[in-house]
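In what follows, every heavy atom counts, from backbone to side chain, and hydrogens, waters and symmetry copies are set aside.
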Amino acid sequence: MKEFDYEELAKRIVQEQTKELWSFNDVCAALGYSDESTPVRRIVEQKDFPKPTTLISGGRRKWFKKDVLNWIERQRNQRSKIMLNVSQAA
């Protein structure tokens with residue numbers, strides 16, 4: 001019977017998970033900011049922005065790609081509704 005390589009399995013799991021996880025720099029790029037931008041740091045600290053996760057204790061923060069993209073879409077929809085209301089009121 002062949003011995004199972006758990007270390008290789010763990011590496012493959014992390015590789016698959018990281019395809020769906022974004023670093024802070026990825027989040028910045030999606031929001032259209034540089035990674036040194038103060039506004040993006042304020043955005044990721046907002047209560048309604050997706051909470052980050054870490055793969056290991058003390059590791060770097062990562063965000064689920066789909067959560068960030070959903071948040072961006074909600075922001076666009078809210079702005080569209082506001083603009084629609086403003087133009088109807090005029």
Side-chain angles (χ1 to χ4, degrees):
M1 185 175 193
K2 183 179 173 186
E3 189 173 318
F4 195 78
D5 188 350
Y6 288 100
E7 187 174 335
E8 181 61 29
L9 176 61
K11 286 179 185 177
R12 287 183 183 214
I13 289 171
V14 169
Q15 286 174 344
E16 286 301 310
Q17 286 180 333
T18 56
K19 288 180 186 175
E20 296 300 317
L21 293 173
W22 275 359
S23 67
F24 181 73
N25 289 349
D26 295 327
V27 172
C28 291
L31 294 172
Y33 291 96
S34 76
D35 60 344
E36 297 175 4
S37 172
T38 300
V40 77
R41 294 181 189 283
R42 290 183 184 141
I43 290 170
V44 299
E45 291 173 1
Q46 290 178 4
K47 289 182 181 184
D48 69 332
F49 195 81
K51 299 298 176 221
T53 188
T54 55
L55 296 176
I56 59 172
S57 179
R60 294 187 182 266
R61 299 179 299 172
K62 300 282 185 176
W63 287 262
F64 286 99
K65 177 182 174 180
K66 67 178 177 74
D67 292 343
V68 174
L69 292 176
N70 287 337
W71 183 88
I72 291 170
E73 187 63 26
R74 283 193 310 274
Q75 298 304 305
R76 286 183 184 145
N77 288 338
Q78 287 176 355
R79 287 191 178 106
S80 295
K81 289 177 185 176
I82 291 170
M83 293 304 294
L84 184 61
N85 289 337
V86 168
S87 64
Q88 288 177 350

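- Closest approach of T54 to G59, counting heavy atoms only: CG2-O, 3.4 Å.
- Within the structure, side chain to side chain donor-acceptor pair (under 3.5 Å) contacts touching residues 26-39 (residues at least two apart or in different chains) are S23-D26.
- In terms of heavy atoms, W71 sits closest to Q46 at CZ2-OE1, 3.7 Å.
- Around atom CD of E7, no more than 12 heavy atoms belonging to other residues, nucleotides or ligands sit under 6.0 Å away.
- Counting only heavy atoms from C-beta outward, the side chains of F49 and V68 approach each other to under 4.5 Å.
- Residues forming a salt bridge (charged side-chain N to carboxylate O under 4.0 Å, His left out) with E73 (at least two apart in sequence, or on another chain): R76.
- Put simply, CZ on R60 and CG on L21 are 14.5 Å apart, with the number rounded to the nearest 0.5 Å.
- Residues L69 and W22 form a side-chain contact, since some pair of their non-hydrogen atoms from C-beta on lies under 4.5 Å apart.
- Atom-to-atom distance recorded for R79:CZ and R74:CZ is 12.5 Å, nearest 0.5 angstrom.
- To the nearest 0.5 angstrom, D48 atom CG is 7.5 Å from Q78 atom CD.
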